[in-house]
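What follows is a short report on a single structure.
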Amino acid sequence: MSSTKIQIRGQPLSKVLTRNHGMINSVVCGVPIKRHHRVSNVLRTSDPPLGSVPTRTDESQFLRGDGNGRFGRFGGKFVPETLISPLRDLEDEFNFVLNDHEFQEELTTALRDYVGRETPLYFAGRLTEHYKNISQTTGGGPEIYLKREDLSHCGSHKINNALGQAMIARRLGCKRVVAATGAGQHGVATAAACAKFSMECTVFMGTADIEKQSSNVLSMKLLGAQVKSVEGTFKDASSEAIRNWVGNLETTYYLSGTVVGPHPSPLMVREFQSVIGKETRRQAKQLWGGKPDVLVACVGSGSNALGLFHEFLGDEDVRLVGVEAAGLGLDSGKHSATLAVGDVGVYHGSMSYLLQDDQGQILKPHSIGVGLEYPGVGPEISFLKESGRSEFYTATDQEAVQACMLLSRLEGIIPALEASHALAFLDKLVPTLRDGAKVVVNCSGRGDKDLDTLIQRGMPSSLC
């Protein structure tokens, strides 16, 4: 497949710019229902065309995009014309609250008192010793730290973004929120945020994921959300949630949990998740008086990875390592390794790397960590690959299961199977590092939701 193929469901890109060919290229973000009289610089006629690369005058700024949702050739707004104005209004509101003292103070308080931030940067002493022993190093070996997002309220990093966007929805007068979820973590976080702010919540979830993540389904319902099943997986739930949102623009806000979709959705999610990296920098300074040497995070669409990475984009001495889901193996066709084998295309409203066939049809992803089962990555993640700023590797289902069990046994911490992909890559990473190197792995969620899967597919019968 050509890496320059730009099609959506077999349709040429030129048609996508002028017509809406079904929900496959629809927007994935919230829409405000009232205008705010603020000047917007979205879609200015003076902007360079989509796909152009900004002038590389400052490396740090270059890596952070052009300010209009484009990262090199990635990003943009591939949506029907009727959605351009609502998206522009949303960006105006988002840019306003970024510098609004009242909003930021409320969000900071909620993150502290409701979410439980800041989350610990935990030294995994026994895991560190384990890798020292198997590497048979004569020195101290690298030190491994876990950013404990699994200790956040609702059990994952997803609540950081859900709170921020729910607050925007409330400011816009929306009484109803819709969302799509795969592993259920974003669904639970959205349901909790809606309960806190007295908003109606509807979460769309694939039938396959409902079966695997029954505990999260029960949590969403307990929190007051209506859970609607959709035949398929997360990508199908996303499309159905978008359809529902588009049909109810006057009352409904779509709360995206991923760094995908048209601008400003990826930037909003990344901004609300960037608290992870900001805390990590501060905590590293306190713990050892410096910066991490290597940051490691799993990559589905990229929200937890960008949450950790973004703060350090300008630090060239900090390696950024993303780990995708290789599933049953890259040659099996059953994986979610978009960056490893995907091509560039347009899906759910923006240009990025995708899993697609020669006709531009989206391929079905697979991972034992269902939160990684998305057939694309965000535009900023795509650009970090293409620019070479980040490194991307893969871990299989079995490697993730083994890493989950290892951390559970050594540290008494059960990580989500999604985060276990990042932990699995330590087997290959640690032997390459110098003694004393500081490695931070984003433990983006807790694994109690995955116990049934572990018992059925990975846990030895002696433990069942």
- request: Give a yes or no on whether a salt bridge exists between Arg73 and Glu386, defined as a side-chain N under 4.0 angstrom from a carboxylate O.
  value: yes
message: Keeping Asn442 on the side-chain end and Ala297 on the backbone end, is there a donor-acceptor pair under 3.5 Å?
response: no
field: Centroid separation Tyr145 to Trp288 less than 6.0 Å
entry: yes
message: Can a side-chain donor-acceptor contact be found between Glu149 and Asn304 if the only test is distance below 3.5 angstrom?
response: no
field: Pair Gln104-Asp100, side-chain donor/acceptor within less than 3.5 Å
entry: no
message: With a 4.0 Å cut-off on N to O distance, would you call Arg117 and Glu279 a salt bridge?
response: yes
- prompt: For the atom pair OG (Ser444) and NZ (Lys147), what is the distance rounded to the nearest 0.5 Å?
  reply: 12.5 Å
message: Surrounding CD of Gln286 (heavy atoms of other residues, nucleotides or ligands, distance under 6.0 Å), is the total greater than 12?
response: yes
message: Tell me which pairs pass salt bridge (charged side-chain N to carboxylate O under 4.0 Å, His left out) where either residue lies in residues 202-224, with sequence neighbours left out.
response: none
- request: Applying side chain to side chain contact (heavy atoms under 4.5 Å, CB included), run through Leu90 and Ile168 and close with a yes or a no.
  value: CA-CA 9 Å; Leu90 178 61; Ile168 290 178; 4.2 Å; yes
message: How long is the straight-line distance from SG of Cys443 back to CD1 of Ile413, given to the nearest 0.5 Å?
response: 6.5 Å
task: Please report the C-alpha distance between Phe74 and Tyr353 in whole Å, then the side-chain angles of each, then the deciding distance to 0.1 Å, and finally whether the ring-ring contact (aromatic ring centres under 6.0 Å, His included) criterion is met.
output: CA-CA 9 Å; Phe74 304 107; Tyr353 277 98; 5.5 Å; yes
- prompt: When the ring planes of Tyr114 and His153 are compared, do they come out parallel, tilted or perpendicular, using 30° and 60° as the limits?
  reply: perpendicular
- prompt: Do we see a donor-acceptor contact under 3.5 Å between the side chains of Ser303 and His157?
  reply: yes
field: Any donor-acceptor N or O pair under 3.5 Å, side chains Glu411, Tyr122
entry: yes
- request: Classify the ring geometry between Phe94 and Phe272 as parallel (under 30°), tilted (30 to 60°) or perpendicular (over 60°).
  value: perpendicular
query: Does any donor atom in the side chain of Asn244 or Arg176 lie under 3.5 Å from an acceptor atom in the other side chain?
result: yes
task: Could you go through the salt bridge (Lys or Arg N to Asp or Glu O under 4.0 Å) check for Glu93 and Arg171 one step at a time?
output: CA-CA 9 Å; Glu93 190 66 36; Arg171 285 174 59 90; 2.8 Å; yes
- request: Please answer whether the main-chain N or O of Gly257 pairs with a side-chain N or O of Lys158 as donor and acceptor at a distance below 3.5 Å.
  value: yes
